[in-house]
There are 2 protein chains.
Amino acid sequence: MKKPDRQEMPPVGLVAHDHAACVASALAQAETRCAQEGLRMTPVRRRTLEILLESHVAMGAYDVLARLAAEGLGDKPPVAYRALSFLVEHGFAHRIEKLNAFVACSHPGESHEAVFLICRKCHKVGEANLAQPISGEIGHDGFRVERMVIEAEGLCPDCQRLEAA
Amino acid sequence: MKKPDRQEMPPVGLVAHDHAACVASALAQAETRCAQEGLRMTPVRRRTLEILLESHVAMGAYDVLARLAAEGLGDKPPVAYRALSFLVEHGFAHRIEKLNAFVACSHPGESHEAVFLICRKCHKVGEANLAQPISGEIGHDGFRVERMVIEAEGLCPDCQRLEAA
DNA sequence: TGTTGTTTTGTTATACTATTACAGTTAAAC
DNA sequence: GTTTAACTGTAATAGTATAACAAAACAACA
Ligand SMILES: [Zn+2]
Ligand SMILES: [Zn+2]
Ligand SMILES: [Zn+2]
Ligand SMILES: [Zn+2]
């Protein structure tokens, strides 16, 4: 008997892909959803998302803040934290607990359980998804699951290659 | 077709249990393993484990430190962080990333993938386990998984009851 | 358009979490 | 008993995050 295949799609971010399209699509999605849901995509918020989208590397709040400050968009911690909170709250970005850092969402619009593949060397973060969420499989014994954090730490393909050399 | 049952045992910590036995067994296990593997269970380390074992509530490093300080076992951050690192490194305790906090291990001696059930209200942490680890199900596309963090946030049975009232 | 209520931004201050570095001590190995 | 490695004590500092409140921008509506 074959195990059910849990993986729906490749972990965007760790494999070669058209990143320009990746960025464009994420931004467009965000704009669209904000329009639809009456959310306000302000300059700081938009720029914060753009900064996160530049690469699939997780960024600390203070790294983001430094970038914002360099562009005159605010240089006090709450500026960055508020923008990041907004993005995370609405699914445009994710917080990586293991790194106290943030990445743009690689699968905007989809609402499944994400598994973050975190490279311990380069801090690139891939986002895979479980077709069959495990949150449904735990939560017996009366615990009511509201949110799941699933983070896998390891080595991305690129860093494995460098290590082998 | 029935889904494979992933849950091996109830989430110790969230259900009623003989906690005195729970503590005694965890301490005994730790002592035994240290003896076997030539690890040094020093006073600070033992006391730190005992403090964590008092309840299944996650404690911040500084909470632990305050307790240690009250007993004259050291009052500078590295004291607590070093003891906690030792315990985590050898599987006697776990770090809960979502809370930046620590809990004693509820399943000492077993080496499977743990799922932490974190109550967002009382910070009690249950430790369930997946019979069929998901780390084997991801890591395709060349990502090599080394460690997994699986944390479910929600409401424990007790807090659900309080909320309903 | 002006008024009003809400959301967002700016800023200060502070709290919380964690590590580096180095000196001193203790315990194990020989 | 000397050597060596591991652990502890301490100071200084780095990194992460929030509370609180004032000012500005915006939306809703009269
Ligand atoms: Zn991309
Ligand atoms: Zn990498
Ligand atoms: Zn117990
Ligand atoms: Zn609870």
Side-chain angles (χ1 to χ4, degrees), chain A residues 30 34-49 52 57-90 92-103 118 120 123 149 151, chain B residues 30-31 33-49 51-52 57-90 92-103 118 120 123 149:
Chain A
C34 285
Q36 282 172 353
E37 303 175 25
L39 305 172
R40 287 157 67 178
M41 180 58 86
T42 65
V44 193
R45 291 169 175 180
R46 180 177 300 105
R47 195 69 196 105
T48 299
L49 179 55
L52 289 183
V57 175
M59 294 183 78
Y62 282 78
D63 297 327
V64 171
L65 180 58
R67 293 288 309 276
L68 293 174
E71 305 177 19
L73 283 168
D75 62 343
K76 308 293 189 311
V79 172
Y81 280 101
R82 286 194 284 230
L84 290 166
S85 299
F86 171 86
L87 296 175
V88 167
E89 195 171 331
H90 296 97
F92 305 135
H94 301 288
R95 180 184 164 82
I96 306 298
E97 299 293 344
K98 267 215 74 110
L99 301 177
N100 293 334
F102 303 83
V103 280
I118 308 166
R120 66 168 152 79
H123 283 191
V149 173
E151 298 176 352
Chain B
E31 297 285 359
R33 284 223 10 245
C34 286
Q36 282 172 354
E37 302 175 26
L39 305 171
R40 286 158 67 179
M41 179 59 85
T42 64
V44 192
R45 291 169 175 180
R46 179 177 302 106
R47 195 70 196 103
T48 299
L49 179 54
I51 289 167
L52 288 183
V57 175
M59 293 183 77
Y62 282 78
D63 297 328
V64 171
L65 180 58
R67 292 288 309 275
L68 292 175
E71 305 178 18
L73 283 167
D75 63 342
K76 307 291 189 310
V79 171
Y81 281 101
R82 285 195 285 230
L84 290 166
S85 299
F86 171 86
L87 296 175
V88 168
E89 195 170 330
H90 296 96
F92 305 134
H94 301 288
R95 180 183 163 80
I96 305 300
E97 299 293 344
K98 266 212 75 109
L99 302 178
N100 294 333
F102 302 82
V103 280
I118 307 166
R120 66 169 152 79
H123 284 191
V149 173

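Any value given below was found using the heavy atoms of this structure, including those in side chains, with hydrogens, waters and symmetry copies removed. Keep in mind it's a predicted model, so treat the numbers as computed, not measured. Order of the sequence lines sets the chain letters (A, B, ...), proteins ahead of strands, with each chain counted from 1.
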Atom-pair distance (NZ on B:Lys76; P on C:dA23), nearest Å: 17 Å
Here the salt bridge (charged side-chain N to carboxylate O under 4.0 Å, His left out) pairs for residues 57-76 of chain B, sequence neighbours left out, are B:Arg47-B:Glu71, B:Glu54-B:Arg67, B:Arg67-B:Glu71
Protein-nucleotide distance (A:Arg82, atom CZ; C:dT11, atom P), rounded to Å: 11 Å
Distance (rounded to the nearest 0.5 Å) between A:His90 NE2 and A:Met41 CE: 10.0 Å
Could you tell me whether a side-chain N or O of B:Arg95 sits under 3.5 Å from a main-chain N or O of B:Phe102, the two making a donor and an acceptor? no
Taking for each residue the nucleotide of DNA chain C bearing the nearest heavy atom, is the 5' side occupied by A:Val79 or by A:Arg40? A:Arg40
From the list A:Leu68, A:Val79, A:Thr48, side-chain contact (heavy atoms from CB on, under 4.5 Å) partner of A:Leu73 resolves to A:Leu68
Opening and closing nucleotides of DNA chain D in contact with chain A, under 4.0 Å to non-hydrogen atoms: D:dT16 to D:dC26
When every non-hydrogen atom of A:Phe92 is compared with those of A:Cys34, the smallest separation belongs to CE1-SG, 3.9 Å
Gap between atoms CZ and C1', on B:Arg45 and C:dT26 respectively (whole Å): 12 Å
Could you state the interatomic distance from CD (A:Glu151) to NZ (B:Lys98), rounded to the nearest 0.5 Å? 9.5 Å
Work out which heavy atom in B:Leu99 is nearest to a heavy atom in B:Ile118; give both atom names and the distance. CD1-CG2, 3.6 Å
In whole angstroms, how far is the C1' atom of C:dA18 from the CG atom of B:Leu99? 16 Å
Could you state the atom-to-atom distance from CG of A:Leu65 to C1' of C:dG10 in whole Å? 12 Å
Whole Å only: how far is the CG atom of B:Asp75 from the P atom of C:dA18? 18 Å
Once the angle between the rings of B:Tyr62 and B:Tyr81 is folded into 0 to 90°, is it parallel (under 30°), tilted (30 to 60°) or perpendicular (over 60°)? perpendicular
Whole angstrom is fine here: how far is it from CG in B:Asp63 over to P in C:dT17? 7 Å
Choose from C:dA18, C:dT8, C:dT12 the nucleotide whose nearest atom is closest to any side-chain atom of B:Phe102. C:dA18
Pairwise distance CG(A:Leu52) to CE(A:Met59) - rounded to 0.5 angstrom: 6.5 Å
Do we count B:Tyr62 as stacking onto C:dT17 if the rule is ring centres under 5.5 Å and planes under 30°? yes
Position toward the 5' end of DNA chain D (nearest nucleotide), B:Gly74 or B:Asn100: B:Gly74
Would you mind telling me which residue lines up with the more 5' stretch of DNA chain D, B:Pro77 or B:Leu73, judged by nearest nucleotide? B:Leu73
Just how far, in rounded Å, is P of C:dG10 from OH of A:Tyr81? 17 Å
Base-pair string, DNA chain D, Watson-Crick plus G-U, cut-off 3.5 Å on both distances, | for inter-strand, is ||||||||||||||||||||||||||||||
